[in-house]
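Every chain is numbered from 1, with letters handed out A, B, ... down the list of sequences.
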Amino acid sequence: MLKPESYTAGELLSILSARQLKDGQVVFAGVGIPLLAATLAQRLRCPGLTILFEGGVIGAFIEPGRLPPSTNDQRCTRRANMVLGSADVLLLLQRGYVDVGFMGAAQIDQYGNLNSSVIGDPDHPTTRLPGSGGGNDISSLTEMIVAIKHEKRRFVENVDFITSPGWVHGQDSRRRGGLPTGGMYRVITDLAVFGFDDNTHRMKPIALNPGVTREQVQDNTGFKLEFDHTTGVTEPPTEHELTVLRELDPERLYIG
Amino acid sequence: MLKPESYTAGELLSILSARQLKDGQVVFAGVGIPLLAATLAQRLRCPGLTILFEGGVIGAFIEPGRLPPSTNDQRCTRRANMVLGSADVLLLLQRGYVDVGFMGAAQIDQYGNLNSSVIGDPDHPTTRLPGSGGGNDISSLTEMIVAIKHEKRRFVENVDFITSPGWVHGQDSRRRGGLPTGGMYRVITDLAVFGFDDNTHRMKPIALNPGVTREQVQDNTGFKLEFDHTTGVTEPPTEHELTVLRELDPERLYIG
Amino acid sequence: MSMVQSYSSLRKDLAQRDRSLREKVVSLEEAASFVRDEDSVGIGGSTMSRTPMGLIWALIRARRRKLSCSRSIVSSDGDLLFGSGACDHMVTSWFSQGILWGVSKVMRHHVETGKARYDEWSHMAMGMRFRAGAMGVPFMPIRSMLGSDVLRRRPDAVEMECPFTHEKLLLVPALNPDVALIHVQRCDAYGNAQIDGLPFIDVDLAMAANKVILSTERIVSNDQIRRAPDQTKIPFFAVDAVVELPFGCAPHECYGVYEPMIRHMEYYVDLVNKDPVAGMKQYLDRFVYGPKSWTEFLDLIGLEQLLASARAGTAIYDA
Amino acid sequence: MSMVQSYSSLRKDLAQRDRSLREKVVSLEEAASFVRDEDSVGIGGSTMSRTPMGLIWALIRARRRKLSCSRSIVSSDGDLLFGSGACDHMVTSWFSQGILWGVSKVMRHHVETGKARYDEWSHMAMGMRFRAGAMGVPFMPIRSMLGSDVLRRRPDAVEMECPFTHEKLLLVPALNPDVALIHVQRCDAYGNAQIDGLPFIDVDLAMAANKVILSTERIVSNDQIRRAPDQTKIPFFAVDAVVELPFGCAPHECYGVYEPMIRHMEYYVDLVNKDPVAGMKQYLDRFVYGPKSWTEFLDLIGLEQLLASARAGTAIYDA
């Protein structure tokens, strides 16, 4: 069994994220870890996994060692079944053809809301971040899986700015806000895997990553987490998972 | 100079209609005489005339002797610059890319409204006609030229059913109804050429066809026409116009 | 208005469909079983072009009843659907056999006697209704139909004042048929479809429908599709069944493959316009119920006509 | 709301354009003269793909000022527009050099100091705004942005209750830029443009804009266009100027022709993210104002990089 020191945080994130996907699903994947993890799942267990990219791509097979610098580059179209307009691929989410949206994030809060727009006051931001891209559309229109590095400054009680809505203010506030479908489903970090309470829609730990303690997770989280007897422990990455992953990203662009 | 007996009503209609078009215009043409007349204009004087068809065609050159049975057939796409969706070609009218709409009609009234839907009570029609097709869209969104056989039953005071709006009830009723652009511009028949009064928007004769009297025109029209000193006489078809036209429709599908 | 499916029910219907990458090739008879009585059925192509005649032929043979059909422009396909009793409600912008043959006596007979309903929309409105359905929104705004009797007969379209420009606009309701019937030049076994020439409204129709049945001139390998992904117009996950059916539009045309079989069309029109009841029965018995297979039907049209239209069809590429 | 052009003014602008079939080939410098100070400018492509970098480069050299630019996703093109002072307002969904390089210090510097404005919409909302503009309607209804702070910052989008389903919808206002800048793989002298691979929102942008400037890898004959009319994506009558500009997206990519020149991008990002003011000035002086021509600029990137990206670009067809 592999020890934590034998893989990086990026590698763990990619592998645990890949495990969340099921064969036959239609997955809308963002650039970076999501693209890498979806491609990994495709090669490991899900040959029938259909990957969609924001640039306008359906069913691509990314070539090992030629990871695209964004989901709008021609490398994303390799062996695709179809390419289409970037607005049209997002409309597939609105119509309902997509099972899972899969993204990274800069900042997340207790209700799974994501901020990639501004740190501080939106009128006078201390930091202007790149913005939504398709993030707002994806998280508004389908079930979401988010992969994110676990740091206190990234796991805040309430994000400064809701770019991509999770469960908004909890309870049924998402639906009341005009989003009757989708919602945050899983959050994968280098410390643990999280779900959301069916009623309050607050984030709750499902399983700790191998070798990680509850204290570690709580210490790196800006809001109170409820651990209980159902909180399990995740199986460590296997040799095979690591080998295939490292073939995909030999330049270690995303796995660090 | 050619005598009326040396050409058919269909030939006269086609030639007089073709004369209404200017080089460089973008023309949305219906099947039958309009398609034929637009193609004739293209070959006679307007090499830069762009013909659009409802099937989704931009800038076609119809092949002599291979007239399409409808504007949705592949023959309409011969040497086209572009083919596109049938809704998208109609959206070009809505956006404003088209100069002239050019159609035939079953029934027209004093305000240039066209009926191709029902004769009699719409709930219990004595005759159910084929319907609007793109006619309603074309006449709602651009300036119109109509080519029609001149018969009393076709030239009625008010159509039973407004399928394709002309000036609706005259004055500014078209604009008030929600159609701020376009409107009926010319009506070409085998007896005369008509325009519309700038204020009342009632149909008025501009010129008689060669050898036709005012009485003939009035007798074949179901509403009162105002002739005056400005009413002229149209130049008869030339040998050249007839020769080229007959080359286009050797089977006399549309010229009768 | 109840005529527009609510978003939650639209999403539920789609969530239940198997969208995985799987082979979907079925026989023409099996394809017909995907359509149930009283379904709303969207029909691809326009007038005599890329009409899924083989699929319609199979529905009639399967004795489907009370279908509500929609299409941009309807030709003899509508005659057969009305005449056979498979469909008693047509939603379209134009309905006759073709401009060459005047007004369809079959359409007239059924509509004027009240045997069947014909809801008329403008051609653009039909397209925008399918587009709204494809986009997962309940309506599209348009600027035509206003001020006409076509609109006066369609209370299910809503006039609104634009909140941005305060102009008058018309909102046409989304159309999400239970099933779409579409014919294409080629697709793979998964349903990735490529369309040559005139696309009409078929892509919007496919994305809007709650089920899609494709007939195709030929099934090609997935590798061939993946070599030109920018030629794919309908993605596999929107497709539920694929039927390989050469000459699947006969006697209508399929762009770049064959032109309409005009002699057969003229024979048909002459027969049914002389007597829309007896003439139609005669045609159905001989050409729809009679043949044992689609190939036998093609045989009745005759090889000579098939070859002539195929020659004319491919000629479009000589220009 | 004044941000949406009224229909009559939209139609008037279009009626005044010369839509006749005529040759429109101009030099890169002439093309820049089609854009005036304070114009709203729509930019085709997305991130580092099919970005009309040559046209943007020419606008900066022509010292345009106060441009308001819009694009689906903005990369280093936005940096240069802000950094050169040509543009002080960007309307987009995402703005940085690229995910590989973190957050653009140039974007941050201009937005955080208030030197320039960045209006954020969702990616789909941007696309639907161009689509509404292309269709000649004042808005499109969408189901995203609701409930988010992205919407709270955009009072110019309007929430409505659907008259059909009584659901909450968002109406996003049409975007009809004064000018669109679009790069394509090929077009003819009239402007009939064919696009390979990812189309992004370029077709809607072209139909929405009140003026369209095309740059193209190569100008082909009208005959070649007419041999495959179903490959034409932008019709000539929507185009006002055509510039033949090989490697016209450099250092970004053009599908099937060349991939991004990553070494040059890394050099650029390193320079401007170290010092968004001095670094930018240094880059502009050397790579934008310095060269006598676009070819001289390409020469500064270096033939070796051009050839390597061209090799990678065409490799997409080997898959």
Side-chain angles (χ1 to χ4, degrees), chain C residues 1-11 124 127-129 131-132 135-144 156-176 185 194-200 223 226-231 233 255-256 316-319, chain D residues 1-11 124 127-129 131-132 135-144 156-176 185 194-200 223 226-231 233 255-256 316-319:
Chain C
M1 252 128 138
S2 61
M3 91 169 317
V4 178
Q5 202 176 348
S6 80
Y7 190 50
S8 52
S9 108
L10 195 66
R11 290 292 298 259
M124 189 171 78
M128 290 303 100
R129 294 192 61 194
R131 182 155 299 171
M135 290 169 61
V137 290
F139 62 78
M140 275 286 124
I142 68 170
R143 297 183 186 277
S144 64
D156 32 21
V158 175
E159 285 189 39
M160 93 178 280
E161 185 191 313
C162 172
F164 299 96
T165 61
H166 308 293
E167 302 157 340
K168 194 182 280 191
L169 290 170
L170 185 69
L171 307 183
V172 294
L175 191 45
N176 293 97
Q185 285 87 356
Q194 301 188 336
I195 296 173
D196 300 327
L198 297 163
F200 302 115
D223 279 345
R226 291 185 189 267
R227 272 193 292 272
D230 55 0
Q231 297 307 298
K233 302 300 195 304
Y255 190 103
I316 192 71
Y317 292 115
D318 307 341
Chain D
M1 251 131 145
S2 61
M3 89 168 317
V4 178
Q5 204 177 344
S6 81
Y7 191 50
S8 52
S9 108
L10 196 66
R11 292 290 300 256
M124 188 172 78
M128 291 302 100
R129 293 192 61 195
R131 182 156 298 173
M135 290 170 61
V137 290
F139 61 79
M140 276 286 124
I142 67 170
R143 297 185 187 276
S144 63
D156 32 22
V158 175
E159 286 189 38
M160 93 178 281
E161 185 193 313
C162 173
F164 299 96
T165 61
H166 308 293
E167 302 157 340
K168 194 182 279 192
L169 290 169
L170 185 68
L171 306 183
V172 294
L175 191 45
N176 293 98
Q185 283 88 356
Q194 302 188 336
I195 295 173
D196 300 327
L198 298 163
F200 302 116
D223 279 345
R226 291 186 190 266
R227 272 192 293 270
D230 55 1
Q231 297 307 298
K233 300 301 193 304
Y255 190 101
I316 192 72
Y317 292 115
D318 306 339

Looking only at heavy atoms, what is the nearest atom pair of Phe164(D) and Asp156(C), with distance?
CE2-O, 3.3 Å
Which pair of heavy atoms, one from Val137(D) and one from Pro141(C), lies closest together, and at what distance?
CG1-O, 3.4 Å
Out of Pro173(D), Ala132(D), Ser6(D), which one racks up the most heavy-atom pairs below 4.5 Å with chain C?
Pro173(D)
Top residue by heavy-atom pair count (under 4.5 Å) with chain C, among Asp230(D), Ile142(D), Ile195(D), Leu198(D)?
Asp230(D)
Can you tell me how far apart CZ (Arg131(C)) and CZ (Arg131(D)) are? Round to the nearest 0.5 Å.
6.5 Å
Met124(D) CE to Met135(C) CE distance, which is reported to the nearest 0.5 Å
7.5 Å
Looking at Glu167(C), Met128(C), Arg143(C), Met140(C), which makes the most heavy-atom pairs under 4.5 Å with chain D?
Arg143(C)
Segment of Asp196(C) engaging chain D (4.5 angstrom heavy-atom cut-off)
both
Examine whether an atom of Leu171(C) lies under 4.5 Å from a heavy atom of chain D, and if so say whether it belongs to the side chain, the backbone or both; otherwise answer neither.
both
Is the closest side-chain heavy-atom distance between Tyr7(D) and Cys162(C) below 4.5 Å?
no
